Amino acid sequence: TPQESIHVTDLGCLDYVVTPQGPVDIGLWASTGQLLAQTTIYATNTLINISRYVSISPLFLNGGTSYRIGIWSASGLFLDAAGPGIGGSATLSSDLTLNGLALATNGGGLVFPDQQGSAGTMIIGANFRYDRIPEPSVSALLALGGLLLGRRKLR
């Protein structure tokens, strides 16, 4: 759940999943089950830190609304989980709240993760990159400053 509205710019997967296992499909869904974006990640895609990413058309996510991200591979997946009682940990941006891992119970392939696990747990693999959307007041102040500088130059 993003705390404030964001634009998702890339879908990705941790490199340690993609490189040994081959391509993986990543999907991002609204909590209603509507698929919003999907892509396939290959070991040759852009590596940023420890994840491989593919750019997507910027996707607007509303602050305070929950979304689900999923991963699938035809070769089968080896993924780690982190959370209370499971062990391990993951760092999550303060811009996002983790509601718990989600699993698909409705068949193979890249399908909507319809079952939600316990709060604070996550499957470590699929991820995304995003840009914050500036507050309207910040944009208005920048525009006003530009107008004042333009007016001053004309004098």
Side-chain angles (χ1 to χ4, degrees), residues 1-21 23-73 77-106 110-146 149:
T1 304
Q3 299 305 302
E4 296 182 20
S5 297
I6 60 174
H7 279 131
V8 173
T9 58
D10 305 84
L11 293 178
C13 183
L14 291 171
D15 184 51
Y16 87 89
V17 174
V18 178
T19 299
Q21 297 184 76
V24 295
D25 294 325
I26 306 290
L28 183 62
W29 289 265
S31 60
T32 59
Q34 176 188 5
L35 181 63
L36 303 173
Q38 96 178 67
T39 193
T40 302
I41 309 291
Y42 297 90
T44 55
N45 288 122
T46 303
L47 180 64
I48 300 173
N49 295 323
I50 60 171
S51 293
R52 302 227 173 245
Y53 291 98
V54 171
S55 294
I56 61 170
S57 295
L59 176 63
F60 179 82
L61 300 185
N62 287 311
T65 302
S66 293
Y67 299 88
R68 296 185 184 185
I69 190 166
I71 184 171
W72 182 81
S73 172
L77 284 173
F78 171 76
L79 297 172
D80 290 330
I86 298 174
S89 65
T91 302
L92 188 68
S93 167
S94 60
D95 295 335
L96 305 169
T97 298
L98 180 62
N99 297 326
L101 65 86
L103 304 168
T105 60
N106 49 358
L110 186 64
V111 294
F112 176 64
D114 60 340
Q115 179 182 355
Q116 187 166 337
S118 56
T121 58
M122 68 182 294
I123 298 291
I124 302 172
N127 56 51
F128 59 86
R129 297 183 69 213
Y130 64 93
D131 291 328
R132 291 184 184 114
I133 298 173
E135 293 288 327
S137 58
V138 172
S139 299
L141 285 173
L142 287 172
L144 181 61
L149 283 174

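Keep in mind that what you see is a predicted model, and the values were worked out from it rather than measured.
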- [ ] Please assess Asp10 against Thr46 for the test side-chain contact (heavy atoms from CB on, under 4.5 Å), listing each intermediate value before the final yes or no.
- [x] CA-CA 10 Å; Asp10 305 84; Thr46 303; over 6 Å; no
Open item on the list: For the backbone of Gly63 and the side chain of Ser5, can you confirm whether one donor and one acceptor N or O come within less than 3.5 Å of each other?
Closed with: yes
TODO: Answer yes or no: is there a donor N or O on one side and an acceptor on the other, between the side chain of Tyr42 and the main chain of Arg52, under 3.5 Å?
DONE: no
Task: Identified side chain to side chain contact (heavy atoms under 4.5 Å, CB included) partner of Ser51 from the options Leu14, Ile41, Leu11 - done: Leu14
Open item on the list: Given Arg129, which partner from the list Ile6, Val8, Ile48 fulfils the side chain to side chain contact (heavy atoms under 4.5 Å, CB included) test?
Closed with: Ile48
- [ ] Please list all pairs passing the side-chain hydrogen bond (donor to acceptor under 3.5 Å, both in side chains) test where one or both residues lie in residues 23-37, with sequence neighbours left out.
- [x] Asp25-Thr40
Please report the interatomic distance [atom1]([X]) to [atom2]([Y]), rounded to the nearest 0.5 Å.
X: Leu59; Y: Tyr67; atom1: CG; atom2: OH; value: 7.5 Å
X: Ile26; Y: Phe128; atom1: CD1; atom2: CZ; value: 12.0 Å
X: Tyr130; Y: Leu61; atom1: OH; atom2: CG; value: 11.0 Å
X: Leu36; Y: Ile69; atom1: CG; atom2: CD1; value: 11.0 Å
X: Gln3; Y: Arg132; atom1: CD; atom2: CZ; value: 11.5 Å
X: Cys13; Y: Gln21; atom1: SG; atom2: CD; value: 8.0 Å

Of the non-hydrogen atoms in [X] and [Y], which two are nearest, and what is the gap between them?
X: Ser73; Y: Pro23; result: OG-O, 3.4 Å
X: Arg68; Y: Gln115; result: NH1-N, 4.0 Å
X: Gly27; Y: Leu35; result: CA-CD1, 4.2 Å

Task: Side chain proximity check, His7 to Ile133, heavy atoms < 4.5 angstrom - done: yes
Open item on the list: Assess, by modelled atom type and distance only, whether the side chains of Asn99 and Thr1 contain a donor and an acceptor separated by less than 3.5 Å.
Closed with: yes
